[in-house]
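To keep things clear, I will list the structure first and then write my remarks on it.
Labels below follow one simple rule: chain letters A, B, ... track the order of the sequence lines, proteins then strands, and each chain is numbered from 1.
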Amino acid sequence: MSLQLILFILFGTISAISSVLMITRTNALISALFLILNFAGLSGLYLTLNAQFIAVTQVIVYAGAIMVLFLFVIMLLKPEHEKYFSHQPKLKIFAFFIAFIVFIQLVFMIFVSHPSQGNNANVAASVKAGTIEEIGKQLYTNYVLPFEAAGYLLLAATIGAIVLAKKKFE
Amino acid sequence: MNILQIIIFTIVKILIVVTIILLAVTYLVYFERKISAWAQNRIGPNRVGWHGALQSFADVLKLLLKEDIVPDAANKPIHTLAPIIALFVSFTTYAVIPFGPNINVFGFSVPLVVADVNIGILYVLALTSLGVYAITLAGWSSGSKYSLLGGIRSSAQMISYEISMGFSIGGVLLLSQSLRPVEIVQAQSGWMWNAILQPVGFITFLVSAFAETNRLPFDLPEAEPELVGGYHTEYSSMKFAGFFLAEYANMFIASALIVTLYLGGWQFPYLDHFGLSNGWFAVISVITFAIKVAALLFFFIWVRWSIPRFRYDQLMNLGWKVMFPLSLLNIIWVAVLIMVFKL
């Protein structure tokens, strides 16, 4: 068994179990913690795929920034209405319907469309593509327009948030 | 080197680094008390050992023997998890910081860093961003309003200062053209220290480091007069010691990181021109690194006993309206250095 396979099984198990635990916990804060563990597992999986930049960004952006805000909201709002939803039969049917569609989609992707066939067997090229130098070069040459557009979108969203949060301007 | 040899060398390096951090932290607490006593015209600890040198060990023993009290309102698993996260983050961050040049051991060239990875700086940023959880969860799980306030304050503070910290590092990365800490150190040979080339970035990083480690003048998460004790009000015994240890370990790691990024790392200026043998070169380099870190640690303690605590709105204003624009300005300055002076 190669080291890569061992790491894949380890991180895969962590992310699978933590995602199941995340949706089955009733305490929203515990769910959020399992989501963070899931992100950590995913970041390990990205490392086994030679995608170092994505692995670290996963931790910095999702686990380090976005989930902190989630925790803030959960701590301050104290949501205790999860039991309310489980008593609504209409919602339950709707949830089962959505889950069934997603399940069919996953089955189709794994068993019919064979995603691994299109993989590039050239390991050296895939190692190079995952490095920060290569991603930076691509972002600032081929994809500079979408990159700048995304930057302006985020700036607009920040200004919007400030305007919404501020009660009155002098 | 084959895989087994790499694993053995890495384990040995991990043991050495963890031992050094633990010893450094123990003596850091002692020196903090001694320096504070000196600043306030007192004597300080002087009973246990020679001039009180064993005081910290006595304190650790006392904390180990104390009763561990968990409040009824606390969420017990998370209450236990929080100090573990704090310690985990402190000890794993050090893995990528180099403390010396390559040395020859049994015919192998061994770099004096636990993990020489090409995403080293991002690894540090990722782990420090996880450090927020320890304090936030400690505050929340204690089931006390003072702890919760301390935890929330701290997360807001750490997120705010992480931004100017990240932008300050941006300037360093532009000059060294690498995210590998070893190459960042090598890019600062001679007197080409980043602290000299980009003083503004150095200052913003230094201030952010104070805020990230919750040291005075930014120790609002544990402001005693307002919050009784802050996020660790409801902690006792070894769990409290965990937070205490993590705080001092963070200080040590922040100093080591500042030395690596801005003060030339383990390099003694122009040492390679003196014609020393490899062994002496390595010894002097490691000692240089230790002296630089010790000087910064003294600075940390010195500031603590000189400057009073900021008010919360002052802290936020400084972070967002002063440090953040300054760190952006620093990036422009570095770009000018590169474009005009061809550094």
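Under the side chain to side chain contact (heavy atoms under 4.5 Å, CB included) criterion, A:Ile17 pairs with A:Thr13, A:Leu21, sequence neighbours left out.
Residue-level contacts of residues 53-66 of chain A with chain B, in order of numbering, are A:Phe53, A:Val56, A:Val59, A:Ile60, A:Ala63, A:Gly64; threshold 4.5 Å between heavy atoms.
Between A:Glu133 atom CD and B:Leu179 atom CG the span is 7.0 Å, to the nearest 0.5 Å. We find the CG-CD1 distance between A:Asn27 and B:Ile78 to be 6.5 Å, quoted to the nearest 0.5 Å. Rounded to the nearest 0.5 Å, atoms CG (A:Leu33) and CG (B:Leu81) are 7.0 Å apart. From B:Ile119, atom CD1 reaches atom CD1 of A:Ile132 across 6.0 Å, with rounding to the nearest 0.5 Å.
Within a 6.0 Å sphere centred on NZ of B:Lys76, heavy atoms belonging to other residues, nucleotides or ligands number more than 12. With a 6.0 Å radius and a threshold of 12 heavy atoms from other residues, nucleotides or ligands, A:Leu145 has its CG atom at or below the threshold. Around the OH atom of B:Tyr312, the shell of radius 6.0 Å holds more than 12 heavy atoms that belong to other residues, nucleotides or ligands.
Contacts classified as side-chain hydrogen bond (donor to acceptor under 3.5 Å, both in side chains) and involving residues 314-333 of chain B (residues at least two apart or in different chains) are given here: B:Ser160-B:Trp320, B:Gln198-B:Asn330, B:Asn317-B:Lys321. Under the side-chain hydrogen bond (donor to acceptor under 3.5 Å, both in side chains) criterion, the residue pairs touching residues 161-170 of chain B are B:Ser164-B:Ser208, B:Ser168-B:Thr204, with sequence neighbours excluded.
Ranked by heavy-atom pairs shorter than 4.5 Å toward chain A, the options B:Leu125, B:Ile159, B:Asn118, B:Val132 are led by B:Asn118. Each of B:Leu130, B:Asn75, B:Thr128 has some count of heavy-atom pairs under 4.5 Å with chain A, and the biggest count is that of B:Leu130.
For B:Tyr133, the part sitting under 4.5 Å from any heavy atom of chain A is the side chain, from C-beta outward, and nothing else.
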